Amino acid sequence: KFEFNPKDGIDNPALSLAEDMDGEGMGEPRFYLLSKGSAETFGFCLHEELGCRGHIIRQVELGGLAQRRGLQDGDRLLQVNGHFVDHMDHHRVVQKIKASGNQVLLAVLDGDSYEAAKALGRDLSQMLPADIRPRLCHIMRDKSGFGFSVSGPEGVKGTFQLSVRQNGPAERAGVPPGSWLLELNGASVRSYSHTQLARKLKQSGSKVTLLVASSAVEEFYRLRGLRVTAALADTSWLPFKVRELHMVKGPAGYGFLLKEDDCSSGAIGQFLWDVDAGLPAEQAGMKEGDRLLAVNGESIEGLDHQQTVLRIRAHDDQVTLLVIDPAGDEFYQSVGFGDPAWSHP
């Protein structure tokens, strides 16, 4: 018969690993989905502090969004929209949050557990689920259809699982077999019956955009009472990509004009026009009508025209711009993605 000897337990590495300051075991990462109005803030600041490791949650506003959701002063930020950020430059992490627009999914660990994990040499990324992002997939119909079929419990609205045909359009567009359908062409399917969904698919014509989640991802959000939206999606399967243009100024300048205009969403945007043949902008791949998203790795969301021009001129002889073409821009707006800048790795 086994009897526990407290003396043996003191040096038992399995026990000491599980213990922390409170003796209740190291804390688990916590996940918060923050959704704000365009005039609101998320209600916290992110600090980098001398003598402290990590990106630290500070100045949590009393009664603000972050506090209402459960963020606490001293929490360390591990993940932004499914991207592990603990190892990233602090400024870049702040930019990722800003570029996320009005909605952001954060994973944090309390300060004591963070320091304990670091002291033990633990890989913090291993404390987090491998992939918590739904997927946006743009499917072009072939002669036999979109390459997936839909099933769901009879009489239940909004619950649709996808069977994917091997080597068909859906599989090529990145739809995982057995995934759950969340949105169709930017609209939630939660209120759709099977008949309504079939009608909407038919009305889509030759192309359709689906927001889908694997069973593991769907369960992750459901267990935490969080709603999955396109703003959190993995966009790597989409045919629409943001482009990074690195330019070194020539004797005649960069060779483009920046103009302010309305975006398809109604917001104000900065657009690139009058791209001169043979000059650095054209050589870097700039196209007429591209919309500017970021300058030297920093999102320009919230900047006016003059501030954007100053940001471009900040480095005398070179600049890196993140841009998207009009078709891609319109697509992202139509599916409710917001600013595609943060999807850039």
Side-chain angles (χ1 to χ4, degrees), residues 26-38 40-49 52-118 122-135 211 213 216-235 298-299 301-302 336-345:
M26 195 179 290
E28 291 292 317
R30 308 182 328 267
F31 293 84
Y32 299 105
L33 182 60
L34 306 181
S35 301
K36 67 179 183 67
S38 49
E40 289 180 292
T41 67
F42 287 125
F44 72 92
C45 291
L46 195 66
H47 284 198
E48 190 177 36
E49 296 176 6
C52 283
R53 290 180 285 194
H55 309 290
I56 308 169
I57 304 287
R58 292 291 190 213
Q59 293 167 253
V60 180
E61 288 173 21
L62 200 62
L65 180 58
Q67 193 205 36
R68 295 199 307 273
R69 289 289 176 272
L71 274 177
Q72 292 167 17
D73 187 76
D75 281 341
R76 300 301 201 279
L77 182 62
L78 301 183
Q79 227 180 32
V80 177
N81 292 329
H83 296 272
F84 185 67
V85 297
D86 184 59
H87 63 297
M88 275 187 196
D89 172 72
H90 184 73
H91 190 65
R92 191 162 169 228
V93 179
V94 171
Q95 284 302 318
K96 268 196 176 299
I97 295 171
K98 285 182 177 174
S100 188
N102 292 331
Q103 188 174 63
V104 67
L105 178 67
L106 305 178
V108 301
L109 188 63
D110 70 88
D112 288 339
S113 294
Y114 179 88
E115 291 298 347
K118 285 286 191 184
R122 285 186 67 177
D123 180 352
L124 291 167
S125 67
Q126 295 300 307
M127 298 176 73
L128 298 158
D131 187 17
I132 58 166
R133 291 192 294 162
R135 204 179 270 187
L211 179 68
V217 170
E218 188 276 334
E219 182 182 52
F220 170 86
Y221 286 89
R222 181 166 39 79
L223 292 178
R224 289 163 180 79
L226 303 175
R227 188 179 163 220
V228 200
T229 67
L232 307 171
D234 169 9
T235 61
E298 293 186 28
S299 169
E301 187 159 335
F337 192 80
D339 185 358
W342 77 258
S343 68
H344 187 65

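What you are looking at is a predicted structure, and each value in this text was computed from that prediction instead of being measured. Computed from heavy atoms alone, side chains included, the values below leave out hydrogens, waters and symmetry copies. The chain is numbered in sequence order, starting from 1.
Under the rule for a ring pair (Phe, Tyr, Trp, His ring centres under 6.0 Å), Y221 has no partner lying at least two apart in sequence or in another chain. Among residues two or more places apart in sequence or in another chain, the salt bridge (Lys or Arg N to Asp or Glu O under 4.0 Å) test is passed with R135 by none. Residues satisfying the ring pair (Phe, Tyr, Trp, His ring centres under 6.0 Å) test with Y32, not counting sequence neighbours, are none. Legend: residues meeting side chain to side chain contact (heavy atoms under 4.5 Å, CB included) with R53, ordered by chain and number and at least two apart, are Y114, E115, K118. In this view, R68 satisfies the salt bridge (Lys or Arg N to Asp or Glu O under 4.0 Å) rule with no residue, not counting sequence neighbours. Qualifying side chain to side chain contact (heavy atoms under 4.5 Å, CB included) partners for Q79, counting only residues two or more places apart in sequence or in other chains: F31, A107, L128, I132. When the salt bridge (Lys or Arg N to Asp or Glu O under 4.0 Å) test is applied to R224, no partner is found at least two apart in sequence or on another chain. With sequence neighbours left out, the salt bridge (Lys or Arg N to Asp or Glu O under 4.0 Å) criterion links D89 to no other residue. Applying the side chain to side chain contact (heavy atoms under 4.5 Å, CB included) criterion to E40, with sequence neighbours excluded, gives K36. Remark: H91 engages no residue in a ring pair (Phe, Tyr, Trp, His ring centres under 6.0 Å) (not counting sequence neighbours). With sequence neighbours excluded, no residue forms a side-chain hydrogen bond (donor to acceptor under 3.5 Å, both in side chains) with E219.
Within the structure, ring pair (Phe, Tyr, Trp, His ring centres under 6.0 Å) pairs that include any residue of residues 53-81 comprise H55-H90 (at least two apart or interchain).
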